[in-house]
There are 2 protein chains.
Amino acid sequence: MDQPSRSAGTVRPGGRTARVRAAVLEATQNGLVEHGFHGLTMDQVAARAGVGKTTVYRRWGSPAGLVADLMTELANQSSSHTDMGTVEEDLRANALSVQRALADERLGSTLQAVIAAATCDEQAAQALRSFYLRRIEEWAHVVDLAVKRGELPEGTDGREVVRAVSAPLYYRLMVTREPVTREDAEASVSRALAAARAGAFVRP
Amino acid sequence: MDQPSRSAGTVRPGGRTARVRAAVLEATQNGLVEHGFHGLTMDQVAARAGVGKTTVYRRWGSPAGLVADLMTELANQSSSHTDMGTVEEDLRANALSVQRALADERLGSTLQAVIAAATCDEQAAQALRSFYLRRIEEWAHVVDLAVKRGELPEGTDGREVVRAVSAPLYYRLMVTREPVTREDAEASVSRALAAARAGAFVRP
DNA sequence: GCCTTAATGGAATGAAAGTTCCATTAGAAT
DNA sequence: ATTCTAATGGAACTTTCATTCCATTAAGGC
């Protein structure tokens, strides 16, 4: 119900408030890693953050609010890509970055939990969608440049290529729940590229 | 805690027991569709099934147990494929079948909920994994036959091709949360096939 | 350093879900 | 039809989480 209180009056983001937020998001992530979204309660988060329960309710409102804010924080932390070299190198860098995130105990669990949260809460869904759509957009740019350089057929849909690189990794993570290895990441890049070179990603 | 009581003595799967199970699984699916796994409680399921709360606890133990049993039921209901025609036709049939399931209000929500449940419960995870691995195995056979017919390069990994066809659809469903259309399904088939023909699915 | 008030924390309250006890119902065998 | 007992259901009990009230703390302006 409560939106984070950005009142019209004076705001005090200094010292304590920031410290509380950091502790709460840390506790949120720990909770997600251990019990998933389903087991995330305001109660436990407050306790583990060493923060009053009231504060957590006032500032985040619900478990979904916590997850959404955590997602925002992760988005800000994530480093931007470096579009140097060939498409293959760029896409491999992308795929390996995704693979590392998914295979990482902490980050992988967190992402799974956020995806799970999105299935039953619109706020979390919004945070997730905007995060990934922006990410896709960024990397699509790399592909678009490659098209301009003539490495890929004219009209190739960069966003779809980027999706095609990530999709099998997330499929393994969420659906078949198999480990996601570097080999999987590299195979995914090879396959997406092979299809792209064959013109299978050219917009109709 | 309780496993479904398959005691050593006489079992009575007749009439009432089967009716209760059907009602409970129906209520479970309705609950998942409306509130997701996160909002699935034994309490509500029992109430909506018109069944005693005690019975639900005894036979299924937890929300995850309900989901796992529902998954088993869906697996049994699912029709088998018909491997006639070219690989392209077969894979398209597969992709469209998946697309229809994901786009369907009821089935799509259910699958999302099961995937979410699997992120925080090993029982649900097991049900999900075995369901999809078997499904993949079945369709991989179709691809293997195509390899024997010479439609695809020798050594092509059928399981990986099948995964590649489904992955983008599930990616859209769970990660970017975009609608999953027939066009997506057909594009996915084209791309997987293009890569397969280029030998990108040949085992190393 | 002092004052104002945004922000926090502890404790009490209320609602909802999980869990158990025991009487009742209805398959299945005779 | 009768009997046996697996299976079920109602209700009480316990725990846990969500929500609110009000006193306390500390950030930011003077």
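A note on names: the letters A, B, ... follow the listed sequences, proteins ahead of strands, and every chain is numbered from 1.
Side-chain N/O atoms of B/Tyr57 include none lying less than 4.0 angstrom from OP1 or OP2 on C/dT20. Under 4.0 angstrom from either OP1 or OP2 of C/dA6 there lies no side-chain N or O belonging to A/Thr17. OP1 or OP2 of C/dG9 sits under 4.0 Å from a side-chain N or O of A/Thr55. Between B/Arg58 and the phosphate of C/dT20, there is no side-chain N or O to OP1/OP2 separation shorter than 4.0 Å. Contact annotation: B/Arg19 reaches the phosphate of C/dG27 (side-chain N/O to OP1 or OP2, under 4.0 Å).
When the nucleotides D/dA18, C/dA17, C/dG18 are ranked by their closest atom to the side chain of B/Gln44, C/dA17 comes out on top.
Between B/Lys53 and A/Thr41, the one whose closest nucleotide on DNA chain D sits nearer the 5' end is B/Lys53.
Following rounding to the nearest Å, B/Met42 (CE) and C/dT19 (P) show an atom-to-atom distance of 8 Å. Rounding to whole angstrom units, CG of residue A/Asp43 and P of C/dA15 are separated by 18 Å. Between A/Trp60 atom CH2 and D/dA18 atom P the separation is 15 Å, expressed in whole Å. Distance, B/His38 NE2 to C/dA16 C1': 13 Å, rounded to whole Å. Between the CG atom of A/Leu66 and the C1' atom of D/dA18 there is a distance of 13 Å, given to the nearest Å. Spacing between atom CZ of A/Arg59 and atom P of C/dG9 amounts to 10 Å, rounded to whole angstrom units.
For the helix from C/dG1-D/dC30 to C/dT30-D/dA1, the axis fitted to the five pairs at one end and the axis fitted to the five pairs at the other end meet at an angle of 50° (nearest 10 degrees).
A salt bridge links A/Arg106 with A/Glu26; the closest basic N to acidic carboxylate O contact falls under 4.0 Å. A salt bridge links A/Arg21 to A/Asp69: one of the charged nitrogens lies within less than 4.0 Å of a carboxylate oxygen.
Around atom CD of B/Glu105, no more than 12 heavy atoms belonging to other residues, nucleotides or ligands sit under 6.0 Å away. A/His35 NE2: more than 12 foreign heavy atoms inside a 6.0 Å radius. Atom CZ of B/Arg134 has 12 or fewer heavy atoms from other residues, nucleotides or ligands within 6.0 Å.
Residues B/Leu91 and B/Val161 form a side-chain contact, since some pair of their non-hydrogen atoms from C-beta on lies under 4.5 Å apart.
If you check distances only, the side chain of B/Thr54 does reach the base of D/dG10 with a donor-acceptor pair under 3.5 Å.
Between A/His38 and B/His38, the ring-plane angle classifies as perpendicular under the 30° and 60° cut-offs.
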